[in-house]
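Here's the structure we're looking at; comments come further down.
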Amino acid sequence: MASPEIGPEVSDALRVLHRVFGYDSFREGQQEIIDHVIGGRDALVLMPTGGGKSLCYQIPALVREGVGVVISPLIALMQDQVDALTALGARAGFLNSTQGPDERRRVESAFLAGELDLLYLAPERLRVESTLRLLDRGKISLFAIDEAHCVAQWGHDFRPDYLALSALHERWPEVPRIALTATATEATHTEITTRLNLQQARHFVASFDRPNIQYRIVPKNEPRRQLLELLRNEHSGNAGIVYCLSRASVEKVADFLVDNGVQALPYHAGLDARTRAANQARFLREDGLVMVATIAFGMGIDKPDVRFVAHLDLPKSVEGYYQETGRAGRDGLPSTAWLAYGLQDVVQQRKMIDTSEGDDAHRRRLSIHLDAMLALCETVECRRVQLLAYFGQRGTTCGNCDTCLSPPESWDGTIAAQKLLSAVYRLRNERNQKFGAGQVVDILLGKKTPKVAQYDHDSLTVFGIGTELRDTEWRGVVRQLLAQGLLAVEGDYGTLVLTDGSTEVLSRKRQVLLRREPERPARAAKAAKGRPAAVELPEEAVAVFEQLRSWRAATAKEQGVPAYVIFHDATLRQIAAESPTSLAELSKVNGVGENKLAKYGEQLLTLCTMK
């Protein structure tokens, strides 16, 4: 709780926090940001997904005179964001291209009359002169620029319209601005600062650590089967997101899961807009659905109970990986970030970079992003420490990632690397041939396949010199040499070629340390050391919790809003555990503000008495 000495502005903020949102105290870092913005000053906020960024502009908008204008790229989610605020008793609206003229006029009139607390705008609306004139005529309390990393031109979520947002300060210099993002390296942080003209703003950088998320990266071996095992063994009936690189993969994986009894929906840019919107709405509104998607899905998804995010293909960057995995566990309960990663991922990503549009500098940037992602996959150290280090932050060994739970060994792979590179060298220099990893591995293992016989590769001096390793182990060697830049791929068929680093290894000037995968996979999530546990409900409270969930689902369906708009799981758990008998007791539960208490209080008390 706040101390008696705090100023009146923060006291107002605390009253709003309790009255509207149903909480008695701020999370770490929130109060200082909110106080700063209420005081009329600019801020740049870097805070992890689930860290409570929205409150950092919503509460100042509710405290300050006027309307808080929120710039958000998430047109498809604006209705849900407005519904969530309305359910809390706040007055909110949006203007975007999905509305008809009558609806736009209604929202504009409410803005001009001061009948809104928050107005959400898509960034492209600020390129329309009529929107600028509308804002000139109203009273604006603040500008909030959400997903501010979209201004970074070489970032993973670049939006051209964000480049024009620096004009906000020029046109309305007295209105405070708060820019917020959950994903920013030091370079992206600098770019946001420059492009949004926030050099004089105060910068708030919270820890990017998400301790409730368990990071796990596994060798790819029938990835769809591996995914199904994860869902059946650890996340049966849970909501989750599965990311795939291509639209075709999305469709195949979604069909595979459905065929195996998992409720799954596809989402990618190739689907028509109506289907995408319907699938997104179902995912947000129903419990236990799995969304299989390309990275076109996810930014701004505010569903708090996503229990896992799985990647069946290698993300292009650590920023993308961090933001995508961050969609799990927004409610702070234990969640899983799971990635299946293999040799073909490296080959495919390298090939995509080589054929990408843009100049050499752009391709170098893409390569740097990929190299960092590969380093995270291949590390023998704590993944969380490496992930935080990428964003310029220090971490300590977490005890809640696969490398902590089942530490992999590193081994001197210099001789193995020399054998493999020698095979590539002899194919190229003795036969003027180039092949992919499969043929090179077959040669090392001495396999007399039809293809080996066809090209007379059993006569090479390197034929059969690698029988000390299994096929999968050799593929791991290839993958790690590619990750370390000691081998490269080229052409449409992903053929292997040597690099400058290869020469150092072959000439015995460089040692090669490789990662040996553990024999057993990391322990299941529930065994993680130091993991924040979910609230364990007493046996008699479990039935009440399920009744509350059923009531919430029916209420959400009746109102046409996502279930979390009614109440989060964490709130229902606390109600079930404490079994309040009066409205006064119920008002002390986190997440039960005045509006929801008045609207649902009696129903909740009745449900609590139904044992």
Side-chain angles (χ1 to χ4, degrees), residues 9 11-23 30 34 37-38 40 52-72 74-122 125-126 131 133-146 168 172 175-178 180 284 300 302 555-556 558-562 564-568 587 591-601:
E9 292 172 342
S11 296
D12 287 344
L14 276 169
R15 280 193 288 272
V16 169
L17 179 72
H18 180 71
R19 177 175 56 82
V20 178
F21 298 94
Y23 296 97
Q30 285 180 324
I34 289 168
V37 177
I38 288 175
K53 291 188 301 298
S54 297
L55 286 182
C56 293
Y57 62 81
Q58 289 171 347
I59 288 181
L62 291 167
V63 171
R64 286 175 60 84
E65 183 183 358
V67 182
V69 176
V70 184
I71 315 301
S72 169
L74 311 170
I75 290 177
L77 296 172
M78 283 186 184
Q79 182 67 62
D80 288 341
Q81 291 166 326
V82 167
D83 285 343
L85 285 164
T86 301
L88 293 166
R91 304 172 301 171
F94 64 84
L95 291 173
N96 64 40
S97 56
T98 67
Q99 295 166 301
D102 290 344
E103 176 64 14
R104 280 201 301 273
R105 279 194 290 270
R106 186 191 68 77
V107 175
E108 289 171 357
S109 296
F111 168 75
L112 292 174
E115 295 171 354
L116 293 178
D117 299 307
L118 291 118
L119 173 65
Y120 285 78
L121 294 178
R125 297 295 303 179
L126 293 173
T131 301
R133 289 198 299 269
L134 173 73
L135 296 180
D136 279 334
R137 294 163 58 202
K139 173 68 175 176
I140 303 171
S141 62
L142 60 85
F143 284 110
I145 303 170
D146 203 7
L168 295 177
W172 296 280
V175 177
R177 296 167 299 152
I178 175 172
L180 311 100
L284 292 172
D302 200 26
T555 304
E558 180 183 325
Q559 296 182 19
V561 298
Y564 65 81
V565 166
I566 307 300
F567 287 111
H568 287 193
S587 70
V592 182
E594 285 184 2
N595 199 60
K596 290 188 177 182
L597 183 68
K599 193 171 185 178
Y600 305 122

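Note that this is a predicted model, so its numbers are computed, not measured.
- A salt bridge does not link R133 to D136: none of the charged side-chain nitrogens sits closer than 4.0 Å to a carboxylate oxygen.
- Here the side chain of D117 pairs no donor or acceptor atom with the backbone of A92 at under 3.5 angstrom.
- Residue R19 holds its CZ atom at 9.5 Å from CG of N595, rounded to the nearest 0.5 Å.
- Contact between L85 and Y120 at its shortest, heavy atoms only, is CD1-OH, 3.5 Å.
- Going from atom CD1 of I140 over to atom CG of L119 covers 9.0 Å, rounded to the nearest 0.5 Å.
- The minimum heavy-atom distance between R177 and L168, with the atom names listed, is CD-CB, 4.3 Å.
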(request) Would you sort out whether I566 and Q559 count as a side-chain contact (heavy atoms from CB on, under 4.5 Å), showing the intermediate values? (result) CA-CA 9 Å; I566 307 300; Q559 296 182 19; 3.7 Å; yes
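- For the atom pair CD of E594 and CZ of F21, the computed distance is 12.5 Å after rounding to the nearest 0.5 Å.
- With sequence neighbours left out, Q99 forms a side chain to side chain contact (heavy atoms under 4.5 Å, CB included) with F94, L95, N96, E103, R104, V107.
- Taking CG of L17 as the reference point, atom CD1 of I59 lies at 4.5 Å (rounded to 0.5 Å).
- The two atoms that bring I34 and A13 nearest to each other are CG2-CB, 3.9 Å, heavy atoms only.
- Heavy atoms only, all atoms of each residue included: L180 and K53 are closest at CD2-O, 3.5 Å.
- Considering every non-hydrogen atom in both L88 and K596, the closest pair reads CD2-CE, 3.9 Å.
- The two residues S587 and L597 come nearest to each other via the heavy atoms CB-CD2, 3.8 Å.
- Aromatic ring pairs are classed by plane angle as parallel below 30°, tilted from 30° to 60° and perpendicular above 60°; the pair Y600 and F567 is perpendicular.
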(message) Walk me through whether I75 and S97 qualify under side-chain contact (heavy atoms from CB on, under 4.5 Å).
(response) CA-CA 8 Å; I75 290 177; S97 56; 4.1 Å; yes
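- Between the side chain of Q30 and the backbone N or O of G52 there is at least one donor-acceptor pair closer than 3.5 Å.
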(request) Evaluate the criterion side-chain contact (heavy atoms from CB on, under 4.5 Å) for residue pair L55 and Y23; output intermediate values, then yes/no. (result) CA-CA 11 Å; L55 286 182; Y23 296 97; 5.6 Å; no
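- When the side chain to side chain contact (heavy atoms under 4.5 Å, CB included) test is applied to A84, the partners found at least two apart in sequence or on another chain are V565.
- With rounding to the nearest 0.5 Å, the separation of CG in D83 from CE in M78 is 13.5 Å.
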Identify every side-chain donor-acceptor pair in residues 60-72 under 3.5 Å, counting partners at least two apart or on other chains, and give the distances.
residue, atom, partner, partner atom, Å
R64, NE, S141, O, 2.8
R64, NH1, I38, O, 2.9
R64, NH2, S141, O, 3.3
S72, OG, L74, N, 3.2

